[in-house]
Amino acid sequence: MNYYMRQLLNRRADLAYYQPEFQRFLNDSESYYTPELAAKIAHNRALAAKYIALAVNSINPKQQSHLASEIDEWKTIAEDLMTSMSLDHSPREFLVFTSYTEQVLI
C-alpha cells in the first residue's frame, strides 16, 4: 500500500489517473490489502465476534437493558449521519481535462 500511495501522490497532477484511482482508494481500500493482511483482519473479526458474544451472554438483565439503550442511541446517530449525507448537495461529478483542455464530465 505504501508503494501505491507514493505512486498516487507522484501522479496527482495527472487528473485522468488520479481522480478515479483516488476514488477507488477511498471506496474500495480493501482491494489494496495483501492476502496476509486480509487473513489477519478476518481472524481478528472472528475473535471479536466470539468475545463480544461471550461478554453479552455474561451480563445481567439490567446491564443488557443498558447495552440495548446505548446501541439504540448509536443507531439513531448513524441514521442521522446517513440522512445528512443524503441531503448533501455538494458536487459529485468530477471534471477531467484532457491534454487539449477539453472538458469531460465523469
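What you see below is based on every heavy atom in this structure, not just the backbone, and it leaves out hydrogens, waters and symmetry mates.
- Between the Ser31 side chain and the Asp28 main chain, a donor and an acceptor come within less than 3.5 Å of each other.
- Under a 4.0 Å N-O distance rule, the pair Arg11/Asp14 qualifies as a salt bridge.
- Residues Val56 and Ile59 approach most closely at O-CG1, 3.1 Å, considering heavy atoms.
- Note on Tyr3: it does not cluster hydrophobically with Leu9, by side-chain heavy-atom contacts below 4.5 Å among ILVMFWY residues.
- With Thr76 contributing its side chain and Asp72 its backbone, the two residues share a donor-acceptor pair below 3.5 Å.
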Next item on the list: Just do the side-chain contact (heavy atoms from CB on, under 4.5 Å) check on Leu37 and Thr34 with the steps written out, would you?
Entry: CA-CA 5 Å; Leu37 177 59; Thr34 63; 3.4 Å; yes
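- Once rounded to the nearest 0.5 Å, the distance linking CG of Leu67 with CD of Gln63 reads 9.5 Å.
- The CG atom of Leu81 sits 10.5 Å away from atom CD of Glu79, with the distance rounded to the nearest 0.5 Å.
- Atoms CD1 and CD, on Ile71 and Gln64 in that order, are 10.5 Å from each other to the nearest 0.5 Å.
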Checklist line | Stepwise side chain to side chain donor-acceptor pair (under 3.5 Å) test for Arg24 and Tyr32 | finding: CA-CA 10 Å; Arg24 184 173 150 234; Tyr32 298 100; 3.1 Å; yes
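- Taking each heavy atom of Ala55 and Ser58 in turn, the nearest pair found is O-OG, 2.9 Å.
- Using a 4.5 Å heavy-atom threshold, the side chains of Tyr17 and Arg12 count as separate.
- Residues Gln19 and Gln23 have side chains not in contact (no heavy-atom distance under 4.5 Å, counting atoms from C-beta outward).
- Within a 6.0 Å sphere centred on CZ of Phe22, other residues, nucleotides and ligands contribute 12 heavy atoms or fewer.
- Going from atom CE of Met5 over to atom CG of Asn10 covers 11.0 Å, rounded to the nearest 0.5 Å.
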